[in-house]
Amino acid sequence: MAADAFVSLLNEQIAHEYAAHQQYVACAVFYDAETLPQLARFFYAQALEERDHAMMMVQYLVDADEKVLIPGVAAPQVDFKDIVAPVALALQQERRVTEQINALAATARSEGDYTSEQFMQWFIKEQVEEVATMSDLLRVVERSRDDVMEVENYMAREHPGVEGDDPTAPQAAGA
Ligand SMILES: [Fe+2]
Ligand SMILES: [Fe+2]
């Protein structure tokens with residue numbers, strides 16, 4: 001059991017997480033087409049993280065015996081004017097998600113649903129990291145927009161591979 005208001009907001013959030021997945025795939029494909037493999041790899045990996053977020057929320061609702069709506073999502077933006085635009089969009093998206101996650105935690109608390117409030121704690125921490133990563137990356141791409149190989153070197157150096165498993169992460173459905 002979880003508070004009804006929280007359940008309906010979490011079902012909406014599942015759509016936002018899947019939309020973020022689709023958007024990051026679109027960013028990755030844009031960089032891939034520009035032959036910027038490090039930026040592409042980073043965004044493909046970010047996309048998988050967003051899918052995981054959705055699946056953690058699915059698992060939580062399954063465990064709580066609540067109805068899970070697997071939503072459709074709006075088409076992502078696929079055309080970008082330069083190599084900076086996808087990162088600017090990503091940062092905007094992460095800031096928006098941070099507000100949504102905070103609203104979920106606030107709803108759980110005001111409904112007296114402390115289990116759901118606790119579930120949201122991991123996502124709050126995750127959003128701090130994701131906003132920081134994207135705002136760092138935005139600074140780098142803005143500074144090096146005329147020297148994209150500099151950005152590629154930065155990605156290879158600072159984001160060389162998939163993050164290790166986080167043992168504190170909620171379980172994702174199907175994992
Ligand atoms: Fe997410
Ligand atoms: Fe994210």
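Start at 1 and go down the list; that is how both ligands and their atoms are numbered. All values below come from the heavy atoms of this structure, side chains included, with hydrogens, waters and symmetry mates left out.
A donor-acceptor pair is defined here as one N or O able to donate and one able to accept, closer than 3.5 Å; such a pair exists between the side chain of Asp82 and the backbone of Ala85.
No hydrogens or angles considered: nothing links the side chains of Gln46 and Glu50 as a donor-acceptor pair under 3.5 Å. With hydrogens and angles left out, the side-chain atoms of Gln92 and Arg95 include no donor and acceptor closer than 3.5 Å. Remark: the Gln77 side chain and the Gln23 side chain contain no N/O donor-acceptor pair separated by less than 3.5 Å.
The only option from Glu12, Met1, Glu66 that meets the side-chain contact (heavy atoms from CB on, under 4.5 Å) definition with Val7 turns out to be Glu66.
Of all the N, O or S atoms in Glu17, the one closest to the Fe ion (ligand 1) is OE1.
Here Glu130 meets the criterion, with an N, O or S atom under 2.8 Å of the Fe ion (ligand 2). The Fe ion (ligand 2) has no N, O or S atom of Glu49 under 2.8 Å away, backbone or side chain. Because the distance cut-off is set at 2.8 Å, Glu50 qualifies as a neighbour of the Fe ion (ligand 2) through one of its N, O or S atoms. Taking backbone and side chain together, His53 holds an N, O or S atom under 2.8 Å from the Fe ion (ligand 1).
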